[in-house]
Structure formats: C-alpha cells, structure tokens
Trainee: 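Shown below is the structure under consideration.
Note that the coordinates shown come from a computational prediction; the quantities given were computed from them, not determined experimentally.
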Amino acid sequence: MGDATASRTSEPRRSPKGPHPLWALAATTVAGLVLFALLGSHLQQMQHVFRYFEEENLPLERLIERSRHLREIQLRAARVAVERGDLRGEASYRNDAGELKTVLEEIGRRAAAVDSAAAEQLGAAAEQLTTLEERAFTLVRRGQRRAATALLDGEEHAEQQQRYVEATASLDLALRRQMEDATQRFRQHLSSAGVVVLGGAMVLFALWLISLALVRRYFAAQRRVTETLQASHAEQQQRVTERTAGLARLNRELHVAQRQALETATRMQTVAHAAAEFTAAHTVEALERVARDACARVISFDSFALNLYDERSQTLLATGLATEPRAGAHGVGVRDDRRSLLALHAGRPAVSDDLPMAAGKGAESVIRSPILAEKRALGVITVRSKTPDLYTPQDIEVLEVIGALAGTALLNIQLLSERNASEEELRVREIRFRSLIEHAQDLITVLDAGGTILHQTPSLERLVGYAPEEMVGGSIFALVHREDEGALSTLYRQALANPGVTLSAELRLQHRNGSWRTFETVGRNLLDDPAVAALVFNSRDITERKLAEAALQQREEQLRQAQKLEAVGRLAGGVAHDFNNLLTAITGNTELLLLDLADNETACSDLQEIRKAADRAASLTQQLLAFSRRQILQPKVLNLNQLLDGADQTLRRLIGEQIELVTRYDPRIGRIKADPEQIEQVLLNLVANARDAMPRGGRLIIQTQGSDVTRTRGRSDEPIPAGSYVVLTVIDSGCGMDAATRERMFEPFFTTKEQGKNTGLGLATVYGIIKQSGGHVSVYSEANRGTTIKVYLPRVEEALDTPTPEPAGEVSHGSETVLVVDDQASVRTMVRRILQRSGYAVLEAENGEAALFVWERHRETIGLVLTDLMMPVMDGRELARRLAAVHPALKMIYMSGYSEEAAVWMGELGGHTAFLQKPFTPRDLALKMREVLDAGTAELQPQPALTP
Ligand SMILES: Nc1ncnc2c1ncn2[C@@H]1O[C@H](COP(=O)(O)OP(=O)(O)OP(=O)(O)O)[C@@H](O)[C@H]1O
Ligand SMILES: [Mg+2]
C-alpha cells in the first residue's frame with residue numbers, strides 16, 4: 001500500500017489540457033459584438049431611408065399636390081370672375097395666391113436637392129399666372145370683361161399654364177425616381193442585415209459548441225486533479241498518524257532524559273550557587289555553613305561535619321558547626337579521625353564500608369570527601385545517613401566538587417586573612433607616614449615634570465596662608481619672588497636633569513598677607529621612582545633664621561663699630577693723655593710768657609698764634625675723646641633754654657648774615673643734667689653743619705620742647721625708649737642728605753666736605769656726647785629737602801645747679817700752700833709758676849709716693865693738694881685715698897688730660913674734690929683754686945661723671 005501511495009503521490013499534479021473555456025467565452029462575446037455592430041449599421045441605414053420618406057418625400061408630394069389644388073381654385077375663381085363678372089371670389093383668390101406663394105417657397109426649399117430647375121420653373125409660372133389673372137381681375141373691375149377673357153384664354157396664359165403643369169410633372173417624376181432609389185437601397189440593407197443575422201447566428205452557435213466542449217474538458221480535468229489530491233491527502237494523513245506515534249514514544253524517552261538532566265542541572269546549579277556563596281564566605285564559619293547548606297540541597301544526610309586538617313599535629317580539628325545538633329556533643333570529625341585522614345591523604349572521596357560504627361548502631365552510609373586546594377588537603381567534609389546504601393556515584397561526585405570548592409574558598413580565606421593583616425600593617429604605616437608628612441613643619445611640594453603642583457602639605461596654610469587646594473594644579477612659580485624665579489627655574493631644571501640628586505635653593509614666597517617669607521628649598525627628582533613618580537621639593541621656612549642672621553650681622557656690625565670706636569677711643573685716650581700734658585705745658589707757658597712779654601708786641605702776637613694752635617689741638621683731642629665717649633663730663637642740672645640764650649651771640653656769629661635764624665624755645669621744657677660745655681659743643685656742631693648745608697643762605701630753626709615718649713620709637717637699631725625728654729631740634733632748609741650720607745653721617749672722619757678743612761668729627765662728637773649723656777639723636781633728612789636733627793635728653797627733676805659766676809677781670813690771688821703732684825716735670829713747673837705768680841706757696845712731688853712723703857713733712861702747712869690722676873708708682877686715686885684716710889677734710893683738685901679709669905673713678909669720689917681738665921689756662925687754674933679753697937666744706941659736692 002505504501003508503494004502505491006508513494007507512486008501516486010509522486011505523479012505531478014497537472015492542470016486539464018487544451019485552451020481554457022474562458023477563451024471560448026471571450027471569442028463568442030467578440031463575435032457577438034461584431035455581429036451586433038454590423039447589424040446596427042444596416043438598421044441605421046434603413047432607418048435613414050424611412051426618415052427620408054417621412055420627412056422629405058411625402059411632405060414634398062403633399063406640397064406639390066396642394067399647389068396644384070390651389071392653382072386650380074385660383075384659375076376657377078378667375079374664370080368665374082371673367083365669365084360672370086363676379087368679383088366676389090377676388091378676396092379668396094388673393095388668399096389662395098398668398099398661400100400658394102408660401103407653398104411654392106416651401107417646395108423651392110425642399111426640392112432644391114431633387115430638381116431645383118423644375119421648382120424654379122414652377123414658381124415662375126405660378127407668378128406669371130397670378131399676374132395675368134390679377135390683371136384679368138383688374139380688367140373685370142374696369143368692366144372690360146372681354147379683354148379679361150382674352151387674357152385668360154390668350155396664348156400667354158396658356159403657355160404659362162403649360163409651363164406650370166410641366167414643372168409639377170417634372171417634380172413628380174423626380175420624386176418618383178428618388179423614391180425608387182431609396183426603396184432600392186432599403187432593400188439592399190435589408191438583405192445585408194438578413195445575411196449578417198444569419199451568419200452571426202451560425203458563428204455564435206459554432207463558438208458556443210466549442211465553448212461547451214472546452215468547459216466540459218476543463219471540468220473533467222479538474223475533477224481528475226481533485227481526485228489525485230484527495231488520494232495524496234489520505235496518504236499524508238496516514239503517515240502523520242504513524243509519525244505521531246513514533247514521536248510520542250520519543251517524547252516519553254526525552255522526558256525521562258530531561259528529568260535526569262534537570263536533576264543534574266539542579267545539582268550543578270546548587271554547586272554553582274554554592275560556588276558563588278563560597279566566594280562570599282570570608283570566615284571558616286561562613287564557609288562551613290555554605291558547605292553544609294550546599295550538601296543539604298543535593299544530598300540527604302543525617303549528619304554533616306567539616307574538619308580542618310592541622311598539619312602540625314597532623315590531626316583533624318572540629319570546627320564550630322562540625323557537630324550537627326542531632327549528632328550530640330561529641331565531635332564527629334574527631335570520632336572518625338583515622339578514616340577521615342585516609343580520605344584526606346588519598347585526595348578523593350571515600351565511601352562508607354557499611355561497617356557498624358558502634359555497638360547498638362546500625363549500618364551507615366558515609367561519604368568523606370577531602371577539601372582540596374592546589375593539591376593540598378586542607379580538611380574533610382563528612383556526610384552520613386542511617387539509611388544503608390544511600391549514596392549514588394552522583395552524590396559522591398557532587399560532594400567531591402563541593403570539597404574542591406570549599407578548598408578554594410578556604411585557601412582564599414587564609415590568603416585574605418594574611419592579606420588583611422598585611423594591608424592593616426600597610427595602612428597603619430601609611431597613616432603614620434601620612435601624618436608625619438601632613439604634620440611636617442616644612443612645606444612639601446610634589447610636582448609633575450611640567451612643574452605643576454600635584455600635592456601640597458597642609459603646612460602651606462600655616463606658612464604662607466594658602467589652603468593646599470588653592471595651589472594644587474597651579475605652577476610652582478605662583479608665589480615666588482620675581483628676583484628668585486631664576487633660582488627656582490635653575491633648581492627645577494637641574495633637578496630634571498639629575499634624577500635622584502638633591503639640590504637646594506633659597507627662595508622667597510609671598511604670604512597671603514603680602515609679606516615675604518624666606519624658604520630653603522631642597523629639590524629632588526624622583527620621577528624614576530615608581531612609588532613617587534614626581535619631583536619633590538621640601539621647603540623650610542628660614543625667615544626667622546634669616547632675620548636672626550640679619551640681626552646678628554647688624555649686631556656684629558655694631559660690635560665692629562664699637563670695637564672700632566673702642567680702638568679709636570683707646571688710641572685717643574693714649575694720645576689725649578700725653579697730648580693734654582704737653583698742651584698744658586704749652587698753653588700754660590705761653591700764657592705766662594704772654595704776661596711776661598706784654599710789652600713786646602711781636603712776641604705777643606707769635607705767642608697768641610702758639611696759643612691758638614694749642615687750643616685747636618686741645619679741641620681736637622677733646623673731640624677724639626668725645627666721640628669715643630671717653631671724655632670726663634662734668635654734668636650739671638641746667639635749663640637748656642638758658643644755655644641756648646647764652647650761646648645766642650656765638651651762634652649768630654657762626655651762621656653769618658645770609659641765614660635767617662628762628663628760635664622757638666618752649667619755656668616749660670624742664671631741666672636736664674648734662675655737661676653744659678659739651679651741650680654747647682653739640683649745638684655748635686649742629687649749627688655749623690646747618691650753615692654748611694646752606695651756602696647760599698636759608699633758614700635755620702632752633703627749637704626746644706618737652707616731650708613725653710610713651711612708646712619706644714625711632715629706628716630699631718636706634719630706639720628712643722619711652723620716657724620724659726627735653727628735645728633740642730635743629731632744622732635747616734639746606735641741601736639735605738641722600739641715603740648713603742645718612743647711613744654714614746655719624747661715622748668719625750666721614751665728611752662730604754673739603755678734606756683738611758673739615759675733619760668729619762662733628763656729628764661723631766655730637767653722637768658721642770649725647771650718648772654719653774644718656775640721650776638720643778634722630779635725623780630726618782632727604783636730599784634737597786633740608787635736614788631736621790632732634791636731640792633727646794632725659795628730663796630730670798633735680799634742682800638747678802647755681803652756675804658759679806665767672807669773676808671778671810683779675811683773678812684773685814691766694815697765699816695758701818699747695819702741693820702739686822704730677823709726673824710731668826714740665827706741667828709741674830708750669831703749674832708752680834702760675835701758682836707762685838698768684839701768691840701761693842708751692843710744694844712739688846713727682847708721684848703719689850713722693851707726695852705722701854712731702855705731706856708727712858708739711859702736713860701742717862698744706863692747704864690743698866693738686867694732683868694728676870695717672871702717674872707711675874702711685875696714681876692720684878691711691879694718693880687721694882691715703883690722704884683722705886688721715887685727713888678727711890683735706891681739699892683736693894684732680895687734674896687730668898685723660899685717664900682710662902677717670903670717668904668711673906670720678907663717680908666714686910666723695911668728699912671735697914674738684915676736677916680740672918687738662919689742658920687748662922693759668923686763669924682756669926686760678927679760678928678753680930679759689931673755687932675750692934673758698935668753698936665751705938659742705939658746699940663742695942662730689943661731681944660724678946656720667947659713665948660711658
Ligand atoms: N645739616 C646737614 N645738612 C646736610 N648734610 C649734613 C648736615 N649735617 C651733616 N651733614 C653731612 O654729614 C657729614 C658729616 O658731618 P660732620 O659734622 O660729622 O662732619 P663735617 O661737618 O663734614 O666736618 P666737621 O664737622 O668736622 O667740620 C657732612 O660732611 C655732611 O655731608
Ligand atoms: Mg660738622
């Protein structure tokens with residue numbers, strides 16, 4: 001059956017053969033249409049013929065008939081009138097004539113196509129006849145009946161009548177011919193139509209027959225195809241049924257396989273799930289939980305245990321969850337140690353051997369699967385069930401996989417804990433390191449190779465006032481002083497060129513508040529160091545150090561100045577001592593000679609010159625001592641205004657005519673304690689300088705005022721401490737000083753003026769005197785803007801010293817005995833001569849010891865001791881001490897050019913002492929003698945010098 005079906009179905013399904021029946025239908029239709037068209041055409045022609053008869057031929061015939069009739073009536077009416085003379089028919093005649101005319105016109109129009117000549121002839125004859133008959137009527141009316149009769153019977157009328165008849169006959173003939181023609185055509189069309197109808201009917205019939213045959217053939221073929229299809233469908237149906245049965249069988253098999261696959265998939269899914277969970281397990285407890293849950297999902301067991309292997313003790317250890325609650329308190333892992341160890345070392349799962357484990361316990365199913373990682377056994381997973389022979393190879397396989405997963409996870413946990421430990425250590429180290437960096441006192445800047453700041457320590461804020469974020473991403477040059485940019489770029493370039501080498505530079509950075517801080521920057525190129533990969537600049541703020549260094553330098557400078565001053569002072573001291581002794585002799589002797597040679601004019605003038613020179617020398621020596629602050633001051637409490645008043649004349653002489661002097665003395669300035677002569681010297685020096693600054697004249701202001709300085713002010717190296725002062729201000733409108741001159745103006749021997757004429761000691765002396773007097777000097781001067789110099793002297797509350805009025809004229813003489821002690825013979829001699837001249841008795845000694853010896857012998861007579869201070873063997877100071885011891889009331893005058901210790905020592909002096917500065921004139925000596933000798937014991941005040 002199958003074969004037959006196959007052969008039949010394999011036959012192609014064909015359509016019925018021959019033309020489709022629709023073609024026959026179409027051909028029939030076309031033929032029909034053609035036939036109808038032909039028939040229609042013939043019928044239309046026939047209709048034309050009919051219409052011609054109806055509309056043309058018949059009316060024309062009727063019109064001709066009518067015209068004939070009307071002609072007859074007219075003729076009859078005319079004959080009646082002519083024959084009887086009766087004109088009553090004339091009116092109707094006329095009507096008929098009108099109608100005839102209309103009819104003839106109609107005939108003329110219609111007969112145009114038939115026989116136009118006959119129509120015209122007809123019309124003309126009718127007209128002629130009407131005219132003749134009208135004339136006959138007219139003749140009748142006139143009563144000429146005969147003429148009328150002749151007219152009607154005349155030839156012309158007859159002729160016209162003849163023509164009329166002929167014309168109608170001709171028209172009739174033409175009409176008849178036409179009708180025959182039309183009839184002929186009608187007949188022809190009729191026969192053609194008949195032929196058409198007959199032929200068409202035959203053709204159509206033939207076509208219908210063909211179509212019929214075709215349709216029949218078509219449907220027969222169709223039927224055959226349907227039969228074939230039905231057969232093949234039945235065959236297919238059969239095969240489907242067979243296939244379905246096969247499929248059902250297959251499906252059943254598949255279902256079983258699918259279930260198995262599903263189970264495996266579930267296991268695999270469980271394992272995969274477990275694998276994911278194992279990855280997330282970071283502790284042994286978690287790991288164990290995951291392992292147990294995974295096993296529970298795929299294997300049924302009564303107890304589960306996970307034991308870790310301890311390599312040192314070579315035993316298995318029970319872990320937290322090792323014992324299932326049901327399994328009791330004893331550790332399963334420990335119980336099965338030996339077998340578990342076997343499984344562990346075998347490296348693959350061991351299955352239960354169904355041995356009874358303990359008395360009273362049934363056989364068990366057990367799987368022990370080692371926990372493996374990197375071929376190392378880390379522990380054992382054990383599952384057991386009371387059901388014997390429970391576990392299948394798949395279960396073992398799964399447990400093996402779980403064991404492997406657990407192994408990897410365990411290894412991870414171990415690694416993780418190790419890594420955590422080292423990370424923690426690293427983190428602690430980093431925190432420590434970072435905190436070291438962050439709290440670094442120095443400024444640490446990390447740069448990239450392009451010089452952009454990558455990192456900045458927080459110390460930035462403390463050191464230069466900017467937050468690190470403000471600088472990160474910017475350039476290192478941002479805050480650097482313009483003058484230091486070169487140094488920084490050198491450092492930077494060198495660092496780039498020399499990796500690993502430490503380089504340094506000193507840079508100034510601008511603080512946010514605008515001030516500059518100095519940094520010592522050490523740069524190092526660590527671009528090659530992968531841990532750093534940057535340039536690291538470490539900047540240390542050395543501003544304070546720099547300031548301290550500058551201060552130190554300044555102090556050193558001051559020290560050097562002081563040392564210089566000291567050296568000059570020492571030199572001046574030494575020179576002064578000898579000089580003053582020499583000058584004392586010179587001056588004294590010159591004076592004496594002047595007295596002796598008063599009559600000799602030439603000698604006197606020479607002597608005057610000598611004296612002047614000696615005075616200048618003395619003043620120079622004095623200045624040397626003054627600026628080195630070594631002169632012996634004899635301070636008095638005085639009023640500066642009074643002193644200035646006293647010097648007024650001198651000052652005016654000094655400045656000359658060109659300079660205007662303005663004085664402003666504040667009457668309430670208070671008192672100072674100073675050596676008046678020295679203060680005068682200060683004033684003179686300042687005024688002299690002012691004068692020199694105004695060679696073409698100007699204005700000089702001298703003013704005094706009291707000033708309470710509440711806060712230390714002035715330059716830092718020359719501060720004016722708070723206190724109460726009397727201020728002497730000298731202001732000139734002169735040339736002023738530039739910075740360089742201002743810097744050096746107080747230096748000894750510094751002068752911008754003519755060398756030789758000016759010594760450059762003026763201001764040095766002023767400074768020395770004022771400093772030695774406890775005062776201060778400040779200067780305000782600018783080139784071309786004049787100079788203001790202020791001298792601050794401390795105000796004192798003590799009472800004014802009454803100035804000893806200098807006696808005018810001759811100095812009073814004395815008769816007392818004076819012991820003169822001086823190691824310089826020339827001085828002794830000179831002093832002796834002066835004193836003797838004034839009436840005094842004089843004893844001499846060359847030093848202290850000698851003086852004591854003389855004293856012993858003449859103690860009763862000696863009224864005063866005049867002694868030098870610096871002497872060999874025993875100096876004046878020792879002598880004074882010894883003498884004071886034996887005779888406290890003894891009057892003494894010290895004279896000294898200079899003594900290193902004099903200044904100090906004078907301060908210590910008590911008792912009845914007076915001081916005479918060498919060199920002195922005979923007059924100075926005489927005055928001092930009387931001052932001391934005449935003073936009561938109480939009046940003699942010790943005169944301590946201001947210490948340097
Ligand atoms: N009032 C002033 N105006 C302008 N310059 C002054 C003034 N006072 C001093 N100076 C400058 O200071 C320098 C030092 O002055 P100082 O009085 O010490 O020496 P000197 O006047 O040059 O010489 P000396 O005082 O020995 O005659 C002067 O040479 C002068 O340049
Ligand atoms: Mg001067």
Trainee: For the pair K928 (side chain) and F915 (backbone), establish whether a donor and an acceptor sit closer than 3.5 Å, ignoring hydrogens and angles.
Mentor: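 Looks like yes, one N/O pair under 3.5 Å.
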Trainee: Start with the C-alpha gap between E591 and R923, add the side-chain angles, then the distance that decides, and say whether side-chain contact (heavy atoms from CB on, under 4.5 Å) holds.
Mentor: CA-CA 9 Å; E591 291 283 341; R923 184 181 160 79; over 6 Å; no
Trainee: State, yes or no, whether a side-chain contact exists between D875 and L869 at a heavy-atom distance under 4.5 Å.
Mentor: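 The answer is no; the side chains never approach within 4.5 Å.
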Trainee: Supply the atom-to-atom distance D692 CG to E754 CD, rounded to the nearest 0.5 angstrom.
Mentor: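 If I round to the nearest 0.5 Å, the distance is 10.5 Å.
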Trainee: Less than 4.5 Å apart, side chain to side chain, heavy atoms only: is that true for V662 and L700?
Mentor: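 They are not in side-chain contact.
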Trainee: Salt bridge or not between K636 and D675? Use side-chain N to carboxylate O under 4.0 Å.
Mentor: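 Looking at K636 and D675, the cut-off is not met.
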Trainee: What heavy-atom pair brings P919 and T584 nearest, and what distance separates the two atoms?
Mentor: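 So the minimum-distance heavy-atom pair works out to CA-OG1, 3.3 Å.
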Trainee: Which residue pairs satisfy the ring pair (Phe, Tyr, Trp, His ring centres under 6.0 Å) criterion with at least one member in residues 547-568, sequence neighbours excluded?
Mentor: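 Non-adjacent pairs meeting ring pair (Phe, Tyr, Trp, His ring centres under 6.0 Å): zero.
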Trainee: Indicate yes or no: at least one non-hydrogen side-chain atom of L864 is less than 4.5 angstrom from one of L933.
Mentor: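 A side-chain contact exists here, since the closest heavy-atom pair is under 4.5 Å.
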Trainee: So, R828 and D823, do they make that salt bridge, N to O below 4.0 Å?
Mentor: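 Looking at D823 together with R828, the answer is no, because their closest N to O distance does not fall below 4.0 Å.
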Trainee: Please report the shortest heavy-atom distance between L638 and P676, naming the atom on each side.
Mentor: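 Heavy atoms of L638 and P676 come nearest at CD2-CB, 3.7 Å.
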Trainee: I'd like to know whether L624 forms a side-chain contact (heavy atoms from CB on, under 4.5 Å) with F579, so could you lay out the CA-CA distance, the side-chain angles of the two residues, the decisive distance to 0.1 Å, and finally the verdict.
Mentor: CA-CA 12 Å; L624 282 176; F579 249 57; over 6 Å; no
Trainee: Using every non-hydrogen atom in the two residues, find where V932 and A914 come nearest and quote the distance to one decimal.
Mentor: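 Taking every non-hydrogen atom into account, CG2-CB, 3.4 Å.
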Trainee: Which residues pass the side chain to side chain contact (heavy atoms under 4.5 Å, CB included) test with L593, sequence neighbours left out?
Mentor: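 With sequence neighbours excluded, L593 shows a side chain to side chain contact (heavy atoms under 4.5 Å, CB included) to L597, L607, given in chain and number order.
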Trainee: Rounded to the nearest 0.5 Å, what separates atom CG in D578 from atom CD in Q824?
Mentor: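 It comes to 7.0 Å.
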Trainee: How far apart are the closest heavy atoms of A585 and M830, and which atoms are they?
Mentor: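 Residues A585 and M830, closest heavy atoms: O-CG, 4.0 Å.
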Trainee: Of all heavy-atom pairs between S733 and G698, which one has the smallest distance, and what is that distance?
Mentor: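 Heavy atoms of S733 and G698 come nearest at OG-CA, 3.6 Å.
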Trainee: If I take atom CD1 from residue I769 and atom CD from residue Q678, how far apart are they, to the nearest 0.5 angstrom?
Mentor: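 Here the interatomic distance stands at 4.5 Å.
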Trainee: May I ask you to say whether D934 pairs ionically with K891, meaning some side-chain N is under 4.0 Å from a carboxylate O?
Mentor: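 No, no charged N to carboxylate O under 4.0 Å.
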Trainee: Decide yes or no for T663 and L661: does some side-chain heavy atom of the first lie under 4.5 Å from some side-chain heavy atom of the second?
Mentor: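 Yes, close enough: below the 4.5 Å cut-off.
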Trainee: Tell me whether R795 contacts the main-chain N or O of I669 through its side chain, where contact means a donor paired with an acceptor under 3.5 Å.
Mentor: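 Answer holds: yes.
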Trainee: Quick one: does L866's side chain get under 4.5 Å of L925's, heavy atoms only?
Mentor: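 Side chain of L866 against side chain of L925, heavy atoms only: contact under 4.5 Å found.
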Trainee: For W516 and H511: C-alpha separation, side-chain torsions, deciding distance, then whether ring pair (Phe, Tyr, Trp, His ring centres under 6.0 Å) applies.
Mentor: CA-CA 6 Å; W516 291 97; H511 193 279; over 10 Å; no
Trainee: Answer yes or no: is there a donor N or O on one side and an acceptor on the other, between the side chain of N600 and the main chain of A603, under 3.5 Å?
Mentor: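 Such a contact is found between N600 side chain and A603 backbone.
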Trainee: Nearest 0.5 Å, what's the CG-CG distance between L583 and D615?
Mentor: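 L583 atom CG to D615 atom CG measures 9.0 Å (nearest 0.5 Å).
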Trainee: Verify side chain to side chain donor-acceptor pair (under 3.5 Å) between T741 and D738, making sure each step is shown before the conclusion.
Mentor: CA-CA 5 Å; T741 309; D738 57 16; 2.5 Å; yes
Trainee: Out of curiosity, R881 CZ to M874 CE, how far, rounded to the nearest 0.5 Å?
Mentor: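 Answer rounded to 0.5 Å: 8.5 Å.
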Trainee: Walk me through it: do K546 and E506 pass the test salt bridge (Lys or Arg N to Asp or Glu O under 4.0 Å)?
Mentor: CA-CA 11 Å; K546 290 296 273 187; E506 198 174 293; 2.8 Å; yes
Trainee: Mind checking side chain to side chain contact (heavy atoms under 4.5 Å, CB included) for Q658 and listing every partner two or more places apart, or none if nothing turns up?
Mentor: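 For Q658 there are no side chain to side chain contact (heavy atoms under 4.5 Å, CB included) partners, ignoring immediate neighbours.
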Trainee: Taking the side chain from R671 and the backbone from E798, do they hold a donor-acceptor pair closer than 3.5 Å?
Mentor: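 Answer holds: yes.
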Trainee: Mind checking side chain to side chain contact (heavy atoms under 4.5 Å, CB included) for A688 and listing every partner two or more places apart, or none if nothing turns up?
Mentor: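 Expected list: L654, R691.
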Trainee: Using a distance-only test with no angle check, is there a side-chain donor-acceptor pair under 3.5 angstrom linking D924 and T921?
Mentor: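 T921 and D924 do have a side-chain donor-acceptor pair below 3.5 Å.
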Trainee: May I ask you to decide whether K612 forms a salt bridge with E609, counting only side-chain N to carboxylate O separations under 4.0 Å?
Mentor: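 Looking at K612 and E609, the cut-off is met.
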Trainee: Has T787 got a side-chain atom pairing as donor or acceptor with S781's backbone, closer than 3.5 angstrom?
Mentor: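 A pair under 3.5 Å: no.
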Trainee: With rounding to the nearest 0.5 angstrom, report the OG to CE distance, S896 to M870.
Mentor: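 If I round to the nearest 0.5 Å, the distance is 7.0 Å.
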Trainee: For the residue pair R611 / Q608, report whether a side-chain donor-acceptor contact shorter than 3.5 Å exists.
Mentor: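 Yes.
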Trainee: Given ring pair (Phe, Tyr, Trp, His ring centres under 6.0 Å), test F746 with Y767 step by step and report yes or no.
Mentor: CA-CA 7 Å; F746 289 119; Y767 191 75; 4.9 Å; yes
Trainee: Is any side-chain heavy atom of K753 less than 4.5 Å from a side-chain heavy atom of N689?
Mentor: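 Yes, side chains in contact.
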Trainee: Would you tell me whether T704 and D666 have side-chain atoms, one donor and one acceptor, within less than 3.5 Å of each other?
Mentor: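 Judged by distance alone, the side chains do not pair up.
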Trainee: Run the salt bridge (Lys or Arg N to Asp or Glu O under 4.0 Å) check on K673 and E797 step by step: do they pass?
Mentor: CA-CA 9 Å; K673 190 168 187 177; E797 296 304 323; over 6 Å; no
Trainee: Starting from the C-alpha separation in whole Å, work towards a yes-or-no answer on side-chain contact (heavy atoms from CB on, under 4.5 Å) for M745 and I789.
Mentor: CA-CA 12 Å; M745 58 192 283; I789 297 186; 4.3 Å; yes
Trainee: Distance-only criterion, 3.5 Å: show the donor-acceptor pairs between side-chain atoms of residues 756-765 and protein atoms not counting sequence neighbours.
Mentor:
| residue | atom | partner | partner atom | Å |
| --- | --- | --- | --- | --- |
| T759 | OG1 | L761 | N | 3.2 |
| T765 | OG1 | L761 | O | 2.6 |

Trainee: Minimum heavy-atom separation for M929 to V818, with atom names?
Mentor: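 Smallest interatomic distance, heavy atoms only, reads CE-CG2, 3.2 Å.
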Trainee: Evaluate the ring planes of H776 and Y725, with Trp represented by its six-membered ring, and classify them as parallel (under 30°), tilted (30 to 60°) or perpendicular (over 60°).
Mentor: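 The arrangement is perpendicular - the two ring planes meet at more than 60°.
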Trainee: Using side-chain heavy atoms (C-beta onward) and a distance below 4.5 Å, is N639 in contact with I672?
Mentor: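 Result no, sub-4.5 Å side-chain heavy-atom pair not found.
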Trainee: Evaluate the criterion side-chain contact (heavy atoms from CB on, under 4.5 Å) for residue pair K790 and V730; output intermediate values, then yes/no.
Mentor: CA-CA 7 Å; K790 288 189 171 200; V730 178; over 6 Å; no
Trainee: For a 4.5 angstrom cut-off between non-hydrogen side-chain atoms, does V480 reach R508?
Mentor: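 In short, these two side chains do not touch, never coming nearer than 4.5 Å.
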Trainee: Inspect the contact between E544 and R517 and indicate whether a charged nitrogen and a carboxylate oxygen are less than 4.0 angstrom apart.
Mentor: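 Salt bridge present between R517 and E544.
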Trainee: Just wondering, are more than 12 heavy atoms of other shown residues or ligands nearer than 6.0 Å to CD in E677?
Mentor: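 No, because the 6.0 Å sphere around CD of E677 holds 12 heavy atoms or fewer from other groups.
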Trainee: If the condition is side chain to side chain contact (heavy atoms under 4.5 Å, CB included), which residues does E782 pass it with, not counting sequence neighbours?
Mentor: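 R742, R785.
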